[in-house]
Amino acid sequence: MTEQTLILIKPDGVQRGLIGEILHRIEAKGYEIKAMKMLDASEELLAQHYHEHVDKPFYPSVVEYMTSAPLVAAIVEGDRVVEGVRSLAGATDPTKAAPGTIRGDLGRSWPGDSIFNLIHSSDGVESAQYEISVWF
Ligand code: AMP
């Protein structure tokens, strides 16, 4: 089967009206959106999604950020899509993310503890399968 990845357009992306811009970049690259929904993430869902981070000091700020507004979850498909969407998204820190990437072009640092970086994308094929099972 062709590879799939999970993306989340995070609450800052939704609130700033960037859903279309972010999806456009993914579609323009040639990947296919196979499923998509907008929802309010529950703390339970986020704990499953971020199971590697729940004990980290920054986790409460992640929950605050990710529950601040609705987000969009989507399954994206294509050969080597996990790697490809990570490349489109850019580095975690939007101030350092390279121009040309989603975070580099559309994101910046804001006051507070949260890193508002617009998009999540799975970091491997196995985590993609797990995250798709969490959100869909
Ligand atoms: P990652 O699994 O590395 O993508 O991290 C998940 C998300 O947690 C990132 O996209 C950020 O939104 C957030 N995050 C990661 N590291 C930090 C940090 N040091 N401080 C605040 N938020 C963070």
Side-chain angles (χ1 to χ4, degrees):
M1 194 183 77
T2 314
E3 194 170 292
Q4 293 187 330
T5 194
L6 184 280
I7 66 152
L8 301 174
I9 300 176
K10 297 184 180 186
D12 55 329
V14 173
Q15 289 202 298
R16 289 182 53 208
L18 294 172
I19 297 171
E21 169 74 30
I22 292 169
L23 292 176
H24 170 68
R25 287 172 179 234
I26 291 167
E27 289 192 307
K29 179 81 170 169
Y31 298 126
E32 202 177 334
I33 294 163
K34 300 298 285 187
M36 183 164 66
K37 60 183 174 185
M38 180 180 276
L39 71 160
D40 293 301
S42 66
E43 291 198 22
E44 292 74 16
L45 208 54
L46 291 171
Q48 290 175 47
H49 176 75
Y50 284 128
H51 64 97
E52 289 171 346
H53 295 312
V54 287
D55 296 324
K56 303 234 174 100
F58 62 80
Y59 187 67
S61 72
V62 170
V63 173
E64 186 186 358
Y65 165 34
M66 295 295 285
T67 58
S68 63
L71 53 75
V72 171
I75 300 172
V76 183
E77 187 174 284
D79 286 17
R80 298 178 66 190
V81 69
V82 169
E83 194 183 350
V85 175
R86 296 283 289 185
S87 172
L88 286 179
T92 301
D93 178 349
T95 294
K96 292 183 182 166
T101 66
I102 290 167
R103 290 163 170 167
D105 288 347
L106 308 173
R108 50 162 284 194
S109 297
W110 299 91
D113 294 332
S114 301
I115 299 175
F116 296 102
N117 57 7
L118 298 167
I119 182 170
H120 165 84
S121 65
S122 309
D123 66 4
V125 174
E126 277 184 21
S127 58
Q129 287 169 351
Y130 170 73
E131 291 171 5
I132 288 168
S133 77
V134 168
W135 293 93
F136 286 89

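The first residue in the sequence is number 1, and the count goes up from there. Start at 1 and go down the list; that is how both ligands and their atoms are numbered.
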Subject >> With sequence neighbours excluded, residues passing side-chain hydrogen bond (donor to acceptor under 3.5 Å, both in side chains) with Arg86 >> reply: none
**OP:** Give the residue and atom name of whichever protein heavy atom lies nearest to atom 19 (N) of ligand 1, and the separation in Å to one decimal.
**Re:** Phe58 CD2, 3.6 Å
**OP:** Could you find the nearest protein heavy atom to atom 8 (O) of ligand 1 and give me its residue, atom name and distance?
**Re:** Val62 CG2, 3.6 Å
Original post:
How about Ser121 and Thr5: does a side-chain donor come under 3.5 Å of a side-chain acceptor?
Top reply: no
Original post:
If you count the atoms of ligand 1 from 1 in the order shown, which ones are under 4.0 Å from a heavy atom of Asp113?
Top reply: 21 (C)
Original post:
Considering only heavy atoms of Asn117, which atoms of ligand 1 have at least one such atom less than 4.0 Å away?
Top reply: 9 (C), 10 (O), 11 (C), 12 (O)
Original post:
Under 6.0 Å from the CZ atom of Arg80, do we count more than 12 heavy atoms belonging to anything else shown?
Top reply: no
**OP:** Show which residues join Val54 in its hydrophobic cluster (side-chain heavy-atom contacts under 4.5 Å, direct or indirect), or state none.
**Re:** Leu6, Leu8, Leu39, Leu45, Leu46, Tyr50, Phe58, Tyr59, Val62, Val63, Tyr65, Met66, Leu71, Ile75, Trp110, Phe116, Tyr130, Ile132, Val134, Trp135, Phe136
**OP:** Have a look at ligand 1 and work out which part of Lys10, if any, has a heavy atom under 4.0 Å from it: side chain, backbone, both or neither.
**Re:** side chain
Original post:
Do you know the tightest heavy-atom contact between Pro94 and Gly107?
Top reply: CB-C, 3.8 Å
Original post:
Any chance CD of Glu64 has more than 12 other-residue heavy atoms, nucleotides or ligands included, within less than 6.0 Å?
Top reply: no
Original post:
Among protein heavy atoms, which lies nearest atom 6 (C) of ligand 1, and at what distance?
Top reply: Tyr50 CE2, 3.5 Å
**OP:** Check each heavy atom of His120 against ligand 1 and say whether those closer than 4.0 Å belong to the side chain, the backbone, both or neither.
**Re:** neither
Subject >> Under-4.0 Å heavy-atom contact between protein and atom 14 (N) of ligand 1 >> reply: yes
Subject >> Atoms of ligand 1, numbered as shown, that sit under 4.0 Å from any heavy atom of Ile115 >> reply: 12 (O), 17 (C), 18 (C), 20 (N), 21 (C), 22 (N), 23 (C)
Subject >> Among Val85, Leu88, Val81, side chain to side chain contact (heavy atoms under 4.5 Å, CB included) partner for Ile7 >> reply: Val85
**OP:** Check if His53 has a non-hydrogen atom at a distance under 4.0 Å from any atom of ligand 1.
**Re:** yes
